Asker: 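Please see the structure below; I have some questions.
So that the names make sense, note that chain A is the first sequence line, chain B the second, and so on, each numbered from 1. All of these numbers come straight from a predicted model, not from anything done at the bench.
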Amino acid sequence: MNEKYDYKSIEAKWRDFWLSQKTFKTVGPSEDDFESDKPKCYVLDMFPYPSGAGLHIGHPKGYIASDIYSRYKKMQGYNVLHPMGFDSFGLPAEQYAIEHNIHPAEITEQNINSIRSQLQFLGLGYDWDREIATSRDDFYRWTQWIFSRLFESFYDSDNVWKDALGRVIVGKARPIEELRKEFSEGKRALSSEDEATLSLKGEQRHLWQALGKKEQESVLNNYRLAYQDEIVVNWCPQLGTVLANEEVTNDGKSERGNFPVFKRPLKQWIMRITAYSDRLLEDLNAPLAQGIGKDSFTLDWPEAIKSMQANWIGRSEGAEVFFDVLDSTTGDKCSSLKVFTTRPDTLFGATFMAVAPEHPLVTSGNEVYNVPAKWPNETQDSWRGETPGVGIRDALYDYIAQAQQKSANDREEKEKTGVFSGFYAVNPVNGNKIPVFVADYVSMDYGAGAIMAVPAHDDRDYAFAVKYGLNIVEVVSSPGQHEGCFTGEGTSINSPSGQESNEFGINGLKTVEAKAKITEVLEQKKLGNKTVHYKLRDWIFSRQRYWGEPFPLVTHLDGYTMTVTPPVLLPEMEDFRPETSSDPDRPVEPPLHRAGPEWRIAILDDGIQGERELNVMPQWAGSCWYFLRFIDPNNENSFCGEEAEQYFMPVDLYIGGAEHAVLHLLYSRFWHKVLYDLGLVSTPEPFKKLFNQGMITADAFQDDRGVYIDIRNVELRDGEGYDKETGAQLTRTAGKMGKRYKNGLPPEEVGEEFGVDTLRLYEMYMGPLEASTPWSMEGIRGMQRFLQRVWRNFIDLDGNLTISGQVTPDQTKMMHQTILRVTDHIENLRFNTAIAAMIEWNNGLVGCDSIPEEIAQTFLLLLNPLAPHISEELWERGNWGRGNLAHQTWPKADKALAAEDTVTLPIQVNGKMRGQIEVDKHIEEEELKKIVLEMENVSKFIPSEEAIKRFIVVPGRIVNIVVSE
RNA sequence: GCCGAAGUGGCGGAAUUGGUAGACGCGCUGGAUUCAAAAUCCAGUGUCUUCACGGGCGUGUGGGUUCGAGUCCCACCUUCGGCACCA
């Protein structure tokens, strides 16, 4: 008999064992058998959306990593929560359903079933009793419930409070009822914005009580964290929906499907994420409070993700400055321009202004209005646009129309263009008349859509000024020589000095001081304000699709909207397709519009009919809070029980791809902070440690037509790819693994051929977890050889266990060293080096007739998280009678035993004893002499005791140095 | 342009407090086994030089700190990721 390592039957056996025994079931507080003395560890994967294509071998990299970590933590005695679910609402699932012409409700559950079995095939230790899917009504009723909390809350930005650490936090979400009360009790007055909403300017109806219900509601809409507004949105006609800024690529295409996206005003539901700009930014690095009696924590996130979020929030400090605009014929003030600048200290260098083509000063819709009828006399020829001799209004009209045609890509040419608007503005600090241009290098989306141009100290303004012959006035002294303009900081010059009794005396001040002084005076004279500006925009939250969470909202016939108690079930509709078209101006009708009146019409508490909201929530809604539902997935009374939430949160380790840096990871932080403010969760941040696994890349092969050839039909010879059928040589390209490139393999296929343990080991061994590394069909064989040698070390050719014998000192030392190394590597997610340590140890055991029991057991304990099936099988064959391996305790190493044996030798300098060095006993005598000599030489150079102590010990060679006088 | 990450053999990559550079794996070379091949096992494998022992040179480039630098500092080059006319 010749028993081989039969991975297929071993893996099937243990896969079934873990599932049927519920080996990885997690017991939380308030459940039977909860062990309250155990520390918890919440290990989370970014859950997949259930695509019909299934997983390829690139997908599970992160899942394998989190599985290793959670098995390891479990063996260390933690109560590990390691759940899995499916992000099954949203565009990807729906697009798949459309393409395959199957209803999303049906196809989604089918896809979930197939992906679940793929995950189980990989031997991943999830607690499947906690599985969730965002499209199931027992889940999305709570998504709707949380939406209601956002709708029923406002951000009180004046609320100053302290968290459990005593950190002062400015701003807090509070129930909208409290705001209503403040208004009705007269403790709060309508803001000017509220008055604008109600068109109350000049009217004397500023009292809350004087407003009707609808008017009151439209005021509250200005405060709600989920509010409705008609704004310019990203409309994608071919997807039939609006998209969030985060879902649109740089070149104006949809991230999903790569369809063109158009700007269009539409009434939408919006999340007031901008209210949290400062806190979202600050908490990336701040110490964060947990509940009473718990330690604080700071986010352990990759720097790249933190900086991406910081850039996305885009906080910049500066000032708003108001410029009067003059009527060019009469010279009287006819309008005013607000600009934002980060360099108010350069105001004296502002020699012209520029407004965006969409700016209300020059446009209303597409009509040029308000601008002078004739070019002012001083107008230079180059200021009049591209067509010579045309009138000012035509020139502007042409320019603005052209600018709107330009896509983001065209603008990257960066050739600055502009047309004189005919207006002059007055620089508020020195009264200078400066021309106002319309220029497309100013964008309406940022700041005030208008700038004061300081060509001496801004590259763009400089380029523009040079092109159009505008004045350049230097107002900041620069160190040394430079060409062009100077954008750095320095000392103010050519501005008023303090002696001139001018309030704006900033000459001689450093940039920082000049900024502060000029801003202060502007504020005093009501010419400007200190402001903080953010790039972050509010989050457009409604989608004109079918497959998403319906809003728990009903609009009263009187025109105001209110929440209804969830669940609001998604109606079953045969025709769920969105109304797509290539016409960007077509009226928008969400699919739910076609749901019958029995769904659309709701009876409100007061017996009055109302119409349900017909938009649905975006794909990101469910993933904003799913990690909370895993904690208490079957709770019918709450989204998550308080006790369980306090026990398991925050997530200790969150593994997923970096592509969610500003989408899911920003949105979920925002929701979590709202829930935190409302006292519904105990931590201000959801994810303590975040880790981005790298991709698995693979070569793809194209024939001479450019058609991708399935990787299975490619034969490799001398590094070149050839078509197995035609024999033609193929072009090789390296890149992402995916269906498109036909270079991905399903895990089952690789698992069948090499074994699941081999696949797991190989994916972890390829390189550091965060790196992207190429798949190699040769490389994976190395891991298979390793496991075969492990098997052969334990099981002889007759199928008998070869465990016996005495432990040698060398074996003991190797064992303790390996325990230390592997523990450290796994703790820090360096699985590649952990595996290397195991291979090295195993190589040392090859050739032993038999392995001592203690060595064998420890070896399997360390191997278990990495290659769980084979180690379980060998453990069972060892018949150690203590249950299966997943329930064993992680071995501890004795550092003393792991250390090398050493000898101590004297150091002599010039015949005088200077101390002792401790050296490895096993070192060769020749080398030992060399070290001593080296040591003595060194000591001559640096003979002081302190200096010799600085001579750092070489591990394994020189162990310790003791210096005497 | 700005921000972030990284450059080590033929390849993937080790060297996580400044201390034996190249662990471990792939590939390759030689050998054993085999009629032969695959698989397996043994030995070798940074580079130059030497019959050999040995020696020189080696972590993107150029400087610096240090007894000692892949690791720290300065300048530069290259690659990847993100943002980008952000006022």
Asker: Find the runs of at least 3 consecutive base pairs, i with j, i+1 with j-1 and so on, that include RNA chain B, using Watson-Crick or G-U wobble geometry with both distances under 3.5 Å.
Answerer: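 Counting only runs of 3 or more consecutive pairs, the stems involving RNA chain B are B:1-7 with B:77-83, B:10-12 with B:24-26, B:27-32 with B:40-45, B:46-49 with B:54-57, B:60-64 with B:72-76.
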
Asker: Indicate, with a heavy-atom threshold strictly under 4.0 Å, whether N832(A) touches base, sugar-phosphate, or nothing.
Answerer: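 Since only primed, P, OP1 and OP2 atoms lie under 4.0 Å of N832(A), the category is sugar-phosphate.
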
Asker: How far, in whole Å, is C42(B) from U47(B) if one measures between their P atoms?
Answerer: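 23 Å, rounded to whole Å.
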
Asker: Will you find, in the side chains of Y5(A) and Q784(A), an N or O donor that is under 3.5 Å from an N or O acceptor?
Answerer: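 Per modelled atom types, Y5(A) and Q784(A) side chains form no pair under 3.5 Å.
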
Asker: Just do the salt bridge (Lys or Arg N to Asp or Glu O under 4.0 Å) check on R343(A) and D345(A) with the steps written out, would you?
Answerer: CA-CA 5 Å; R343(A) 292 296 297 272; D345(A) 61 303; 3.0 Å; yes

Asker: Please work out whether G10(B) sits syn or anti, treating a glycosidic angle within 90° of 0 as syn.
Answerer: anti

Asker: Hey, is NZ on K467(A) packed in by over 12 heavy atoms from elsewhere, all under 6.0 Å?
Answerer: yes

Asker: Rounded to whole Å, how long is the line connecting atom CZ of R781(A) with atom P of C41(B)?
Answerer: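 After rounding, the reported distance stands at 14 Å.
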
Asker: Students often get this wrong, so: under 4.0 angstrom with heavy atoms, is R789(A) touching a base, only sugar-phosphate, or nothing?
Answerer: sugar-phosphate

Asker: Please confirm whether the backbone N or O of I795(A) pairs with a side-chain atom of R792(A), one donor and one acceptor, at under 3.5 Å?
Answerer: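 Yes, the answer is positive, given that a donor and an acceptor are paired below the 3.5 Å cut-off.
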
Asker: How close or far is atom P of A23(B) from atom CZ of F786(A), stated in whole angstroms?
Answerer: 17 Å

Asker: So, is R343(A) close to the A87(B) phosphate, meaning a side-chain N or O under 4.0 Å from OP1 or OP2?
Answerer: no

Asker: Using a cut-off of 6.0 Å, state whether more than 12 heavy atoms not belonging to K689(A) lie near its atom NZ.
Answerer: yes

Asker: Tell me the interatomic distance from R760(A), atom CZ, to G25(B), atom P, rounded to whole angstroms.
Answerer: 21 Å

Asker: More 5' along RNA chain B: M308(A) or V846(A), using each one's nearest nucleotide?
Answerer: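 Looking at RNA chain B, the more 5' nearest nucleotide goes with V846(A).
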
Asker: For nucleotides C73(B) and U66(B), find the distance between their P atoms and express it as a whole number of Å.
Answerer: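 Comparing P positions in C73(B) and U66(B) gives a spacing of 16 Å.
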
Asker: What I want to check is whether the side chains of S316(A) and Y446(A) have a donor and an acceptor closer together than 3.5 Å.
Answerer: yes

Asker: Taking NZ, NE, NH1 and NH2 as the nitrogens, is one of them in K338(A) or E320(A) under 4.0 Å from a carboxylate oxygen of the other?
Answerer: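 Yes.
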
Asker: Mind listing the N/O atom pairs, protein and nucleotides 70-75 of chain B, below 3.5 Å?
Answerer:
none

Asker: Is the number of heavy atoms from other residues, nucleotides or ligands within 6.0 Å of NZ (K306(A)) greater than 12?
Answerer: yes

Asker: Would you find a donor on one side and an acceptor on the other, under 3.5 Å apart, between the side chain of Y468(A) and the backbone of G418(A)?
Answerer: yes

Asker: Taking the C1' atom in each of U16(B) and A84(B), what is the distance between them to the nearest angstrom?
Answerer: 35 Å

Asker: Would you call R830(A) and D824(A) a salt bridge, using N to O less than 4.0 angstrom?
Answerer: yes

Asker: If you only use heavy atoms from C-beta on, which nucleotide in A87(B), C24(B), C26(B) is closest to the side chain of V442(A)?
Answerer: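 For the V442(A) side chain, the nearest candidate turns out to be A87(B).
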
Asker: Identify whether the distance between the nearest side-chain nitrogen and carboxylate oxygen of R821(A) and E840(A) falls below 4.0 Å.
Answerer: yes

Asker: Establish, for the pair K416(A) and Y441(A), whether the NZ or CZ atom is under 6.0 angstrom from the six-membered ring centre and no further than 45 degrees off its axis.
Answerer: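 Yes, cation above the ring, under 6.0 Å and within 45°.
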
Asker: Given A87(B), A23(B), G27(B), which nucleotide is nearest the side-chain atoms of I451(A)?
Answerer: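 Among the listed nucleotides, the one closest to the side chain of I451(A) is A87(B).
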
Asker: In whole Å, I'd like the distance from the NZ atom of K4(A) to the P atom of A38(B).
Answerer: 16 Å

Asker: Starting at CG of D459(A) and ending at P of A84(B), how long is that distance when rounded to a whole Å?
Answerer: 18 Å

Asker: Could you tell me whether the side chain of L829(A) reaches within less than 4.5 Å of the side chain of L653(A), counting heavy atoms only?
Answerer: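 Touching, per the 4.5 Å side-chain cut-off.
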
Asker: Taking the P atom in each of A69(B) and C57(B), what is the distance between them to the nearest angstrom?
Answerer: 13 Å

Asker: Would you measure the distance from the C1' atom in C11(B) across to the matching atom in G22(B) and give it in whole Å?
Answerer: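 Their C1' atoms lie roughly 13 Å apart.
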
Asker: In whole Å, what separates the P atom of G9(B) from that of A14(B)?
Answerer: 13 Å

Asker: Distance check needed: C24(B) P versus F831(A) CZ, whole Å only.
Answerer: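 To the nearest whole Å, that distance equals 21 Å.
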
Asker: Please measure how far the P atom in U34(B) lies from the corresponding atom in G25(B), and state the result in whole Å.
Answerer: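 Result for the P pair: 27 Å, nearest Å.
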
Asker: Among the nucleotides C85(B), C3(B), A87(B), which one has an atom lying closest to any side-chain atom of N311(A)?
Answerer: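 Per side-chain heavy atoms of N311(A), the pick is C3(B).
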
Asker: Dump the pairs, protein N or O against N or O of nucleotides 4-12 of chain B, anything under 3.5 Å, distances to one decimal.
Answerer:
residue, atom, partner, partner atom, Å
G12(B), O2', M766(A), O, 2.7

Asker: Could you check how far NZ of K535(A) sits from C1' of C3(B), rounded to whole Å?
Answerer: 10 Å

Asker: Determine the contact category for P768(A): base if any of its heavy atoms lies under 4.0 Å from a base atom, sugar-phosphate if only primed atoms, P, OP1 or OP2 are that close, otherwise nothing.
Answerer: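 Sugar-phosphate, no base atom in range.
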
Asker: Taking atom C1' in both G68(B) and A21(B), compute the distance separating them and give it to the nearest angstrom.
Answerer: 14 Å

Asker: Would you indicate what T342(A) reaches in the nucleic acid, counting non-hydrogen atoms under 4.0 angstrom: base, sugar-phosphate, or nothing?
Answerer: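 T342(A): backbone/sugar contact only, no base atoms under 4.0 Å.
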
Asker: Between N793(A) and N842(A), is there a side-chain donor-acceptor contact under 3.5 Å, judged purely by atom types and distance?
Answerer: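 N793(A) and N842(A) do have a side-chain donor-acceptor pair below 3.5 Å.
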
Asker: Whole angstrom is fine here: how far is it from CD in E753(A) over to C1' in A39(B)?
Answerer: 14 Å

